[in-house]
Protein chains: 2
Amino acid sequence: MIQNLTEHQREGLQEALAHGGQKVTAQREVVYSVLLAKRDHPTVDEVFQRARESMPGLSLATVYNCLETFVGCGLVRQVNHERESTRYCPNLAPHAHFRDDSTGRVHDIELPANVLQTLRSILPAGFETDSIEISFHGHTKNKTSRHSN
Amino acid sequence: MIQNLTEHQREGLQEALAHGGQKVTAQREVVYSVLLAKRDHPTVDEVFQRARESMPGLSLATVYNCLETFVGCGLVRQVNHERESTRYCPNLAPHAHFRDDSTGRVHDIELPANVLQTLRSILPAGFETDSIEISFHGHTKNKTSRHSN
DNA sequence: GTTGGTGTTTAGAATGATTCAAAATCTGAC
DNA sequence: GTCAGATTTTGAATCATTCTAAACACCAAC
């Protein structure tokens, strides 16, 4: 189920971690590969369950640690909806999230640069923003919903 | 510190509650007036502290209940940032939130209709949205920051 | 004005996600 | 091989929130 990282992916991990003088460990590899394997915005617990399949001794605290580390070095992004458990997605292009209230599933929504720009423009002078989070709530109508990626 | 509701405000409360066959109680009035008195997006606990000043016997559970009721009838809006405690603001125009990471304070950002429209437009077909949440993170530069309302 | 019924409040226990603490383990440099 | 630092582990602790069950308040019907 959970394949190892490709050479390229390991390098990415390696490099991202290196900045903070942090190391590539077996646990971090497994956790990262879980994230890459199925990009369905898993919770910590889901990551934990999946990671255990290939590394049974792994502890929950370590999963928390790894994910925190990844977020810290910009490899991964946190996704929060209301006060539900935090979910994680491997960072890529800027995107918004759509949370389907009937299924609980989270979908990525591509976020064009100009929309981001428009958003930034509504800030009054004096507000300096580092990040913008956009989340839609609602439900999906499509039968053919191939979108958890 | 905490003044009573104006006639007009009580009517608003009254009407909003009436829909669900719910009643105006002393506790609800106090909690609502706390929200209106200082629109700085207080947490449940902050509301609790403030409300106690005018109603010492009030319990925390009741504050939770009242706020939940208000959210349910659209009188008040929840504001979440990451997994911090939920904050509340009396609902008015559509707006985004700016969370100042150095002070922890939350500011309302007016959200023009056309921006909302633009946002809606980035959703692929099949996504039906009920609500959109936009939150900025960053810090403010203004000395003259008169923005918590 | 008492009786019921319904909605509300209360205190405290329970839950659940997350964080912390401290000991055990690993790693790489010397 | 040894040491220092980073990492992992287990289990306990924290914190916001929800639940539970009992006490209350209000109002309509009698």
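Residue numbers begin at 1 in each chain, while the letters A, B, ... track the order of the sequences. Note that these values count all heavy atoms, side chains included, but never hydrogens, waters or copies made by symmetry.
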message = Angle between ring planes, Phe98(A) versus Phe136(A), binned at 30° and 60°: parallel, tilted or perpendicular?
response = parallel
Counting neighbours of CD on Glu110(A) that are heavy atoms of other residues, nucleotides or ligands and sit closer than 6.0 Å, is the number greater than 12?
no
Does atom CD of Glu128(A) have more than 12 heavy-atom neighbours, drawn from other residues, nucleotides or ligands, at distances under 6.0 Å? yes
note: Leu17(B), atom CG; dC26(D), atom P; distance rounded to Å ~ 16 Å
Whether each nucleotide of nucleotides 8-30 of chain C has a protein heavy atom under 4.0 Å at its base (B), only at its sugar-phosphate (S) or at neither (-) is summarised, 5' to 3', as SBBB-----SBB-----------
query: Is a side-chain donor-acceptor pair under 3.5 Å present for Asp100(A) with Ser102(A)?
result: yes
| message | Any salt bridge linking Glu82(B) with Arg99(B)? Criterion: basic side-chain nitrogen under 4.0 Å from a carboxylate oxygen. | response | no
